[in-house]
Amino acid sequence: ENLGSWTPLRLSLPFRFDSPRLVCMEGELILCARYAEKPYQLIPQNWPFAIQRFVNLIAYSLLPKSAAVYRVKPPGEDGKWSEFPIELVRYMEECYGDTGFFSLARGEKFNDWVIANYTSCCHSHAPWIFGQAFDTNIYVTRCSVRRRA
């Protein structure tokens, strides 16, 4: 295969998936990443790029973050992506502030996975930057994938 041959999305997704971990779980592409409720591009795109970058980064850092699990639908045989290629499966409970650096490993049983993540000890609505100033905890959970019919 040619690793330099990419199939881009038809349009850019307005959300960031910071610190992602992508794994294939029982034939499903699963993405674990930071979750941000608001899109990254908050400033009008007709503003100068340097100002967009600066203001968007500051605004993004001041918004609350969580962590989530997503399902990724790869392009079909024709190379075309679906209209919604990334689907939110679920939020990770009790993940706030500075969070979203997942580690994943196969468990002992078939279709059993272990997920570790860290999160700040802060309020759920605390901004990401606030979470960096506080202690963090590491959470570990087991999960399995239920295939879509």
Visitor: Within a strict 4.5 Å, meaning less than it, do heavy atoms of the Trp113 and Met25 side chains meet?
Guide: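 Yes, side chains in contact.
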Visitor: Before giving the answer on side chain to side chain contact (heavy atoms under 4.5 Å, CB included), spell out for Leu63 and Leu42 the whole-Å C-alpha distance, their side-chain angles and the decisive distance to 0.1 Å.
Guide: CA-CA 11 Å; Leu63 292 171; Leu42 295 172; 4.0 Å; yes
Visitor: Apply side-chain hydrogen bond (donor to acceptor under 3.5 Å, both in side chains) to Arg16 and list each qualifying residue two or more places apart in sequence or on a separate chain.
Guide: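 For Arg16 the side-chain hydrogen bond (donor to acceptor under 3.5 Å, both in side chains) partners, ignoring immediate neighbours, are Asp18.
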Visitor: Show me, pair by pair, the donor-acceptor contacts under 3.5 angstrom made by side chains of residues 47-54, not counting sequence neighbours?
Guide:
| residue | atom | partner | partner atom | Å |
| --- | --- | --- | --- | --- |
| Gln52 | OE1 | Gln41 | NE2 | 2.8 |
| Gln52 | NE2 | Gln45 | O | 3.0 |
| Gln52 | NE2 | Trp47 | O | 2.7 |

Visitor: Is the Tyr118 to Tyr139 ring centre distance short of 6.0 Å?
Guide: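 Centroid distance Tyr118-Tyr139: not below 6.0 Å, so no.
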Visitor: Using the rule given for side chain to side chain contact (heavy atoms under 4.5 Å, CB included), can you reason through Ile30 versus Val69, listing the C-alpha separation, both sets of side-chain angles and the distance that settles it, and then say yes or no?
Guide: CA-CA 7 Å; Ile30 301 297; Val69 178; 3.5 Å; yes
Visitor: Nearest 0.5 angstrom please: Asn117 CG to Ile138 CD1, how far?
Guide: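 Asn117 CG to Ile138 CD1: 9.0 Å, rounded to 0.5 Å.
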Visitor: Can you find a pair of side-chain heavy atoms, one from Phe101 and one from Arg34, that are under 4.5 Å apart?
Guide: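 They are in side-chain contact.
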Visitor: Should Arg71 and Glu26 count as an ion pair when the cut-off is N to O under 4.0 Å?
Guide: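 No salt bridge links Arg71 with Glu26.
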Visitor: I want to check something: taking the side chain as every heavy atom from C-beta on, are Cys32 and Leu104 in contact at a cut-off of under 4.5 Å?
Guide: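 Cys32 vs Leu104: side chains touch.
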Visitor: Is Ser120 reaching over with its side chain to a backbone N or O of Thr136, donor-acceptor style, under 3.5 angstrom?
Guide: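 Between the backbone of Thr136 and the side chain of Ser120 there is no qualifying donor-acceptor contact (under 3.5 Å).
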Visitor: Tell me the closest heavy-atom pair linking Pro20 and Ala33, and the distance in Å.
Guide: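 Heavy atoms of Pro20 and Ala33 come nearest at CA-CB, 4.0 Å.
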Visitor: Just do the side chain to side chain contact (heavy atoms under 4.5 Å, CB included) check on Tyr70 and Tyr35 with the steps written out, would you?
Guide: CA-CA 10 Å; Tyr70 305 88; Tyr35 173 81; 3.2 Å; yes
Visitor: Quick one: side-chain hydrogen bond (donor to acceptor under 3.5 Å, both in side chains) partners of Asn137, sequence neighbours excluded?
Guide: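 Applying side-chain hydrogen bond (donor to acceptor under 3.5 Å, both in side chains) to Asn137 gives none.
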Visitor: Is the backbone N or O of Ile43 less than 3.5 Å from a side-chain atom of Asn56, with the two atoms forming a donor-acceptor pair by type?
Guide: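 Yes, because the side chain of Asn56 sits within donor-acceptor range (under 3.5 Å) of the backbone of Ile43.
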Visitor: Are the side chains of Val140 and Ile115 in contact, using a 4.5 Å heavy-atom criterion?
Guide: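 In short, these two side chains do not touch, never coming nearer than 4.5 Å.
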Visitor: Looking at Asp112 and Arg142, is any side-chain nitrogen of the basic one under 4.0 Å from a carboxylate oxygen of the acidic one?
Guide: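 Salt bridge between Arg142 and Asp112, a charged N being under 4.0 Å from a carboxylate O: yes.
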Visitor: Is there a side-chain contact between Tyr60 and Lys65 in this structure, where contact means two heavy atoms from C-beta onward sitting under 4.5 Å apart?
Guide: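 The answer is yes, as the side chains (C-beta and beyond) meet within the 4.5 Å cut-off.
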